[in-house]
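Just so you know, these numbers come straight off a predicted model, no measurement behind them.
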Amino acid sequence: CKRGRGSVGSSSGVARIYEGNPAIDRLLHLDAGGQPVGPLGLARVLRRERYDAAFLLQRAFEAAFVAFAARIPVRIGYDSDHRRLLLTHPVKERWKIRTTSQHQADYYLELLEKTFGPHPGKFPMHIGRKDEDRRSLATVAAARGLDVERPYALLAPGSSQGEAKRWDVERWRSLVERLRAEESGLALALAGSPDDAPLCAQIGEGLGVCDFSGRTGLGELIELTAAARLVVTIDSGNAHLAAALGVPLVALFGSTNPAA
């Protein structure tokens, strides 16, 4: 927070998610050209901005150290990871998020509640959309053979966590075949990062699915998701994106390797 205005710090890779959000006055990129700048380098960046307060959603020691080194006067965060002394307003962590059913958004909102008192309830999610992204997607979709004006389901099988959360390829292929048989008017598309391209290729091979893996930026993915009639994905950012956009969603939770 800076003089009554709110900023959000984000890595360049996901910054597009916050663009156009009316609750955010400024978006601060926390890396240099997509490359991490390190804790001390980040502290120098924040110090130049002369922020009045920092809400530390991350539970890690490093987040509190950066805010402390940046000389931000008010530092609010959970007292996890032995960082209480680095916070001016430590909030006692009543439970561990990983061992309860509490939603992570509520876990973060508790910081506000403990600092300022009860909040008004649920806050609407907002994803800013841009005409330029719609136009860019239309070009990409036309090249891939998908008419985004007609009904389609979007399958997003990949995850930045690698194979630990993935559903088996054969199960994805069975899902594609079933949707083909039961929903004849529904086109099918696959989406993912460049790293997901081999997985998507295996799933779509010979099944006539439009594969967008590695072919969309985040803005185009937002539009591809928003126009879908249904999104099927795993525990990944794609699930959160679809939920924020209000698109009907099936999210598959679990790990490929039960021991992972």
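A 6.0 Å sphere centred on CD of Glu205 holds no more than 12 heavy atoms belonging to other residues, nucleotides or ligands. Atom CZ of Arg44 is surrounded by 12 or fewer heavy atoms from other residues, nucleotides or ligands within 6.0 Å. Heavy atoms of other residues, nucleotides or ligands lying less than 6.0 angstrom from CD of Glu177 number more than 12.
Linking ILVMFWY residues whenever their side-chain heavy atoms come closer than 4.5 Å, directly or via other members, leaves Leu155 and Val231 in distinct clusters. Hydrophobic clustering (ILVMFWY, side-chain heavy atoms < 4.5 Å, transitive): Leu154 and Ile17 are in one cluster. Under a hydrophobic-cluster definition in which Ile, Leu, Val, Met, Phe, Trp and Tyr are linked whenever side-chain heavy atoms come within less than 4.5 Å, directly or via other members, Leu190 and Val169 are assigned to the same cluster. Leu179 and Leu249 sit in two unconnected hydrophobic clusters of ILVMFWY residues. Membership requires side-chain heavy atoms under 4.5 Å apart, directly or through other members. By the criterion of side-chain heavy atoms lying less than 4.5 angstrom apart, applied directly or through intervening Ile, Leu, Val, Met, Phe, Trp or Tyr residues, Ile72 is grouped together with Leu42 in one hydrophobic cluster.
The backbone N or O of Pro90 lies less than 3.5 Å from no partner atom in the side chain of Arg83, so there is not a single donor-acceptor pair. A donor-acceptor contact shorter than 3.5 Å is absent between the side chain of Arg16 and the backbone of Gly217. For the pair Asp81 (side chain) and Phe61 (backbone), a donor-acceptor distance under 3.5 Å is present. The main-chain N or O of Ser7 is never found under 3.5 Å from a side-chain atom of Asp25 such that the two would form a donor-acceptor pair. A donor-acceptor pair is defined here as one N or O able to donate and one able to accept, closer than 3.5 Å; such a pair exists between the side chain of Asp79 and the backbone of Glu93. Using a distance-only test at 3.5 Å, with no hydrogens or angles considered, a donor-acceptor pair links the side chain of Asn21 to the main chain of Ala23. With Arg75 contributing its side chain and Leu86 its backbone, the two residues share a donor-acceptor pair below 3.5 Å. In this structure, the side chain of Tyr51 does not engage the main chain of Ala67 through any donor-acceptor pair within 3.5 Å. Arg47 places a side-chain N or O within 3.5 Å of a backbone atom of Ala69 that can act as its donor or acceptor partner. The closest donor-acceptor contact from the side chain of Thr225 to the backbone of Leu221 lies under 3.5 Å.
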- Message: Quick one, Val148 with Leu137, criterion side-chain contact (heavy atoms from CB on, under 4.5 Å). Give me CA distance, side-chain angles, the key distance, then yes/no.
- Response: CA-CA 9 Å; Val148 294; Leu137 173 64; 4.2 Å; yes
- Given the rule in the side-chain hydrogen bond (donor to acceptor under 3.5 Å, both in side chains) test, do Asp196 and Ser193 qualify, once you have shown the distances and angles that lead to the verdict? CA-CA 5 Å; Asp196 299 325; Ser193 70; 3.2 Å; yes
- Message: side-chain contact (heavy atoms from CB on, under 4.5 Å), that's the test. Do Val250 and Leu230 meet it? Break it down for me.
- Response: CA-CA 8 Å; Val250 176; Leu230 169 69; 4.2 Å; yes
- Take Leu241 and Thr233 through the test side-chain contact (heavy atoms from CB on, under 4.5 Å) and record every step on the way to the result. CA-CA 11 Å; Leu241 179 59; Thr233 185; over 6 Å; no
- Evaluation steps, side-chain contact (heavy atoms from CB on, under 4.5 Å), between Phe55 and Leu112: CA-CA 9 Å; Phe55 285 87; Leu112 296 177; 3.7 Å; yes
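At least one side-chain heavy atom of Asp211 sits less than 4.5 Å from a side-chain heavy atom of Cys200. Looking at heavy atoms from C-beta onward, Leu224 lies in side-chain contact with Tyr152 at the 4.5 angstrom threshold. Between Val91 and His89 the shortest side-chain heavy-atom distance does not fall below 4.5 Å. In this structure, Trp172 and Gln202 have side chains that are not in contact, with every pair of non-hydrogen atoms separated by 4.5 Å or more. Using a 4.5 Å cut-off on side-chain heavy atoms (C-beta onward), Glu223 and Lys130 make no contact. The shortest side-chain heavy-atom distance between Leu175 and Trp167 falls under the 4.5 Å cut-off. Val66 places none of its side-chain heavy atoms less than 4.5 Å from the side chain of Leu56. The shortest distance between side-chain heavy atoms of Asp133 and Ile222 does not fall below 4.5 Å.
Nearest heavy atom pair, residue Arg166 against residue Pro157, reads CG-O, 4.0 Å. Across every non-hydrogen atom of Met125 and Ala243, the tightest pair is CE-O, 3.7 Å. When all heavy atoms of Tyr78 and Leu87 are compared, the pair lying nearest together is O-CD1, 3.4 Å. Here the closest heavy-atom approach between residue Gln58 and residue Ala63 is recorded as OE1-CB, 3.7 Å. Pairing each heavy atom of His126 with each of Gly20, the nearest pair is NE2-O, 3.1 Å. Smallest separation of non-hydrogen atoms from Ile127 and Ala244: CG1-CB, 3.7 Å.
Of the inter-residue distances, the one linking Glu183 atom CD with Leu188 atom CG reads 9.5 Å to the nearest 0.5 angstrom. To the nearest 0.5 angstrom, Thr88 atom OG1 is 12.0 Å from Leu85 atom CG. To the nearest 0.5 Å, atom CG of residue Leu218 and atom CD of residue Glu19 are 8.5 Å apart. Rounding to the nearest 0.5 angstrom, the gap separating the OG atom in Ser159 from the CD1 atom in Ile234 is 4.5 Å. Separating the CZ atom in Phe116 from the CG atom in Leu111 is a distance of 10.0 Å, to the nearest 0.5 Å. Between atom CZ of residue Arg180 and atom CG of residue Leu207 there is a gap of 7.5 Å, rounded to the nearest 0.5 Å.
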